[in-house]
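Encoded as structure tokens, the structure appears first; notes follow it.
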Amino acid sequence: MKKGESYNVGSYRYKVLDVSKKTVAVTKALKSSKTIKVPNTVKIKGGTYKVTEVAKNAFKNNKKVQTVTIGKNVTKIGASAFSGNKNLKKVTISSTALKTIDKQAFYNCKKLATVKIVSKKLKTVATKSFKGTAKKIKVDVPNNKKKAYKKLFKKKSGISSRAVFK
């Protein structure tokens, strides 16, 4: 196995990010479905790898998807990872390590009305990452991070001014 190699496992394609740390990024869905579940780990060639990233454009313009669940090891959601998913309604980010939501990650997901974030480590919510989502989007964040995250999201993410942080 080498860094940069891609492997198809189950419904997704993964790319090796770091062989020694055993980390991979999910890069693509191999078939469309209403649900995307980014796992915590994946077995590739007998080894268990942590899924630490949703790659750039990984699920872009997926017309079918309605629900997304992101595993606990993901630290980064790449640029345009879910952009243009017109029927996406709910996103649950189970990761406790999430640090970055890259530019236009959920751009133009018109029906996206609920986002749940468990991580207390979120540092970057990039430009237009939530532009074009539902007007009264509900963002469920850890209680002790509500104020900081609200500020972080309102800065550049393009999230509606009517967004509800709970």
Quiz item: Checking S83 side chain against Y107 main chain: does a donor-acceptor pair fall under 3.5 Å?
Solution: no
Quiz prompt | Results of side-chain contact (heavy atoms from CB on, under 4.5 Å) for K21 - residues two or more places apart only | solution = D18, T23
Quiz item: With K103, which residues qualify under side-chain contact (heavy atoms from CB on, under 4.5 Å), at least two apart?
Solution: A79, A126
Quiz prompt | Pair K89-N87, side chain to side chain donor-acceptor pair (under 3.5 Å): steps then yes or no | solution = CA-CA 6 Å; K89 293 176 185 143; N87 291 307; over 6 Å; no
Quiz prompt | N/O donor-acceptor pair under 3.5 Å between S95 side chain and A97 backbone | solution = yes
Self-check item: Residues I137, V115; criterion side-chain contact (heavy atoms from CB on, under 4.5 Å); working and verdict
Solution: CA-CA 8 Å; I137 187 169; V115 177; 3.8 Å; yes
Quiz item: Does the side-chain contact (heavy atoms from CB on, under 4.5 Å) test come out yes or no for Y12 and V42, once each step is laid out?
Solution: CA-CA 10 Å; Y12 306 110; V42 65; over 6 Å; no
Quiz item: How far apart are the C-alpha atoms of I44 and M1, what are their side-chain angles, what is the distance that settles it, and do they pass the side-chain contact (heavy atoms from CB on, under 4.5 Å) test?
Solution: CA-CA 9 Å; I44 300 172; M1 295 194 77; 3.5 Å; yes
Quiz item: Is there a side-chain contact between L112 and V91 (heavy atoms, below 4.5 Å)?
Solution: yes
Self-check item: Minimum side-chain heavy-atom gap I93-V118 below 4.5 Å
Solution: no
Practice problem: Verify the cluster assignment for V164 and V141: are they in a single hydrophobic cluster under the rule of side-chain heavy atoms below 4.5 Å apart? | Solution: no
Self-check item: Reported OG1-to-CD1 distance for the pair T96 and I117, which is rounded to 0.5 angstrom
Solution: 13.0 Å
Self-check item: Residue list, side-chain hydrogen bond (donor to acceptor under 3.5 Å, both in side chains) with N40, at least two apart or on another chain
Solution: none
Please list every donor-acceptor pair under 3.5 Å in which a side-chain atom of residues 28-37 meets a protein atom from a residue at least two apart or in another chain.
residue, atom, partner, partner atom, Å
S33, OG, T35, N, 3.4
S33, OG, T35, O, 2.7

Quiz item: Can you list every side-chain hydrogen bond (donor to acceptor under 3.5 Å, both in side chains) pair that touches residues 124-143, not counting sequence neighbours?
Solution: none
Quiz item: What residues, two or more places apart in sequence or in another chain, satisfy side-chain contact (heavy atoms from CB on, under 4.5 Å) together with K151?
Solution: none
Quiz item: Can you list every pair that meets salt bridge (Lys or Arg N to Asp or Glu O under 4.0 Å) and has a residue in residues 154-166, with sequence neighbours left out?
Solution: none
Self-check item: Close side-chain approach of K123 and T100, heavy atoms under 4.5 Å
Solution: no
Practice problem: Start with the C-alpha gap between V68 and F82, add the side-chain angles, then the distance that decides, and say whether side-chain contact (heavy atoms from CB on, under 4.5 Å) holds. | Solution: CA-CA 9 Å; V68 170; F82 297 95; 3.8 Å; yes
Self-check item: Q104 side, atom CD; S80 side, atom OG - distance, nearest 0.5 Å
Solution: 4.5 Å
Quiz item: Which pairs pass ring pair (Phe, Tyr, Trp, His ring centres under 6.0 Å) with one or both residues in residues 142-161, sequence neighbours excluded?
Solution: F130-F153, F153-F165
Practice problem: Could I get the full list of side-chain hydrogen bond (donor to acceptor under 3.5 Å, both in side chains) partners for Y7, not counting sequence neighbours? | Solution: E5
Exercise. Output yes when a side-chain donor or acceptor of N85 lies under 3.5 Å from a complementary backbone atom of F59, and no otherwise.
Key: yes
Quiz item: Applying side-chain hydrogen bond (donor to acceptor under 3.5 Å, both in side chains), which residue pairs with at least one partner in residues 44-53 are found, sequence neighbours left out?
Solution: K43-T48
Quiz item: Do you reckon V26 sits in the same ILVMFWY cluster as L17, going by side-chain contacts under 4.5 Å, direct or chained?
Solution: no
Practice problem: Tell me, please, which residues at least two apart from K99 pass side-chain contact (heavy atoms from CB on, under 4.5 Å). | Solution: K121
Exercise. Could you list all the side-chain hydrogen bond (donor to acceptor under 3.5 Å, both in side chains) pairs where at least one residue sits in residues 54-75, not counting sequence neighbours?
Key: none
Quiz item: How long is the gap from CD1 on I101 to NZ on K76, to the nearest 0.5 Å?
Solution: 12.5 Å
